[in-house]
Protein chains: 2
Amino acid sequence: MAQKNKLQFIILGLLNQQPLTGYDLTKAFDTEIGEFWQAQHSQIYPQLKRLEEQGYVTHEVTVSGAKLEKKLYHVTPAGGDLLRQWITVGTPDLTATKDEFILKLYFIQTNRDPRLPGMLQEQLQLHTDKLAHLQRRLATVFPDEALIKDHFGHYLILQHALGREHYYVDWLQRTLAALP
Amino acid sequence: MAQKNKLQFIILGLLNQQPLTGYDLTKAFDTEIGEFWQAQHSQIYPQLKRLEEQGYVTHEVTVSGAKLEKKLYHVTPAGGDLLRQWITVGTPDLTATKDEFILKLYFIQTNRDPRLPGMLQEQLQLHTDKLAHLQRRLATVFPDEALIKDHFGHYLILQHALGREHYYVDWLQRTLAALP
DNA sequence: TGAGTCATGTAAAGAGTTACATGATTAA
DNA sequence: TTAATCATGTAACTCTTTACATGACTCA
């Protein structure tokens with residue numbers, strides 16, 4: 001095995017909230033959890049097929065319009081068990097954050113490198129934008145505090161991502177300000 | 001292409017600091033930059049071969065002891081150009097942080113979930129350990145402030161990783177404390 | 001009627017991990 | 001002499017991305 005196929009668990013988790021099509025799942029990877037995992041439809045459709053073969057999900061075909069067929073996937077009891085199991089076992093492996101910018105920084109020798117201000121400024125822009133995006137998203141998903149109660153995990157990770165970006169922006173600003 | 005082969009640039013960057021063997025490079029991925037990228041020797045040796053075929057590195061064979069051959073790799077001028085080019089172009093793509101624990105959290109519905117305290121505590125332990133490890137590492141690599149001058153990038157990313165872990169630990173503690 | 005989106009798949013290739021395989025050197 | 005480390009490679013497999021391919025629906 002190369003990794004551990006986390007994709008299958010994420011799909012199970014998303015389907016466990018509500019039945020979805022492969023297309024819906026693909027969109028969820030852009031918006032809902034795009035902050036923490038990404039997957040294309042070319043990975044999702046085959047995975048759904050495998051999950052169904054293994055008995056963890058089933059699908060029903062619905063028709064919209066004249067003949068467009070949609071496959072709406074549901075989690076089976078066995079799929080629910082698998083999901084609960086994954087969440088319940090420990091998570092002792094911290095994956096390295098693969099941040100290309102940070103890698104480039106590593107190879108900069110001195111604080112006089114003329115590329116440094118530009119590099120930091122570019123990242124500052126990117127992370128400021130991302131921070132703003134997350135702020136909008138928090139306001140969209142949780143317009144009312146009462147909603148947090150039944151989507152506590154979602155709230156937590158949005159809030160975590162927000163804090164993380166806040167730190168990143170802060171750090172970039174401090175680093176820029178300290179440059180000669 | 002699947003990604004963009006960042007590994008080749010990291011290898012060039014490491015070799016640019018000093019000639020190294022494949023074995024040395026493998027170790028560097030555990031210690032030096034393990035925080036930001038990981039690679040096994042099974043990926044490194046073939047990549048070195050490709051870089052040499054493309055003229056970006058060369059190697060000389062040295063013999064230690066009676067017959068153990070080591071291949072010491074150097075960056076060629078073309079390799080140096082490629083490295084500079086990579087560092088100089090923009091880095092506009094922010095990769096999603098693939099944090100398995102955060103993913104699991106997403107699927108927790110309520111703050112009463114009995115698994116929540118245990119999950120958070122486990123991560124608190126892991127990230128506290130990592131924070132301590134980074135602190136030791138900063139003290140080891142930069143025992144004297146004068147050393148920062150010529151290894152500015154290395155200093156920056158260590159300091160960045162430290163701040164990041166600090167935030168993570170803080171967030172876990174705050175989240176744990178806010179639990180009912 | 002045309003553009004944008006909805007919807008589902010497969011193919012090809014590269015990136016990354018785990019396992020297989022071998023042998024030399026060093027220090028206890 | 002033996003265990004740990006140094007040293008280099010390949011094989012098999014999985015994960016991930018990009019590209020190829022097709023067709024229906026909706027709204028302006």
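Every chain is numbered from 1, with letters handed out A, B, ... down the list of sequences. We use all heavy atoms of the structure for the numbers below, so side chains are in, but hydrogens, waters and symmetry mates are not.
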A:W171-A:Q123 side chain donor-acceptor pair, cut-off 3.5 Å
no
Euclidean distance, atom CZ of residue B:R50 to atom C1' of C:dG16 [Å, nearest integer]:
12 Å
Respond yes when some side-chain nitrogen or oxygen of B:Q40 is under 4.0 Å from OP1 or OP2 of C:dG16, and no when none is.
no
Using five base pairs at each end, measure the axis-to-axis angle across the helix from C:dT1-D:dA28 to C:dA28-D:dT1 and round it to 10 degrees.
30°
Indicate the atoms forming the closest heavy-atom contact of A:L105 with A:L116, along with that distance.
CD1-CD1, 3.7 Å
B:K104 pairs by side-chain contact (heavy atoms from CB on, under 4.5 Å) with which of A:T91, A:L83, A:I10?
A:T91
Could you pull out all residues at least two apart from A:Q121 that satisfy side-chain contact (heavy atoms from CB on, under 4.5 Å)?
A:L176
Respond yes when some side-chain nitrogen or oxygen of B:K98 is under 4.0 Å from OP1 or OP2 of D:dT16, and no when none is.
yes
If you restrict it to nitrogen or oxygen atoms, what contacts under 3.5 Å exist between nucleotides 10-12 of chain C and the protein, and what is each distance?
from: C:dT10; atom 1: OP1; to: A:K49; atom 2: NZ; distance (Å): 3.4

Rounded to whole angstroms, how far apart are CD on B:Q47 and C1' on D:dT10?
16 Å
So, A:T110 versus A:D113: side-chain donor-acceptor pair below 3.5 Å or not?
no
Side chains of A:F101 and A:L120: does their closest heavy-atom pair fall under 4.5 Å?
yes
Using every non-hydrogen atom in the two residues, find where A:K98 and B:Q38 come nearest and quote the distance to one decimal.
NZ-O, 4.2 Å
Check each residue of residues 11-30 of chain B for a non-hydrogen atom within less than 4.0 Å of any atom in DNA chain C, then write out the ones that pass by number, or none.
none
So do A:L20 and A:K27 actually touch side chain to side chain, heavy atoms under 4.5 Å?
no
Using heavy atoms and a sub-4.0 Å distance, could you list which residues of residues 51-75 of chain B are near DNA chain C? By number, please.
B:S64, B:G65, B:A66, B:K67, B:L68
Rounded to the nearest angstrom, tell me the gap between atom CG in A:D93 and atom C1' in C:dT18.
14 Å
Looking at A:D81 and A:R84, is there a salt bridge between them, counting it only when a charged N and a carboxylate O are closer than 4.0 Å?
yes
Applying side-chain contact (heavy atoms from CB on, under 4.5 Å), name anything that partners B:Q125, two or more places apart in sequence or on another chain.
B:D129
Anything under 30° is parallel, anything over 60° is perpendicular, the rest tilted; go ahead and classify B:H154 against B:F142.
perpendicular
Might you point out which heavy atoms bring A:V169 and A:T128 nearest each other, and give the distance in Å?
CG2-N, 3.8 Å
For B:H160 together with A:Y167, are the ring centres under 6.0 Å from each other?
yes
Whole Å only: how far is the CG atom of A:L48 from the P atom of C:dA7?
14 Å
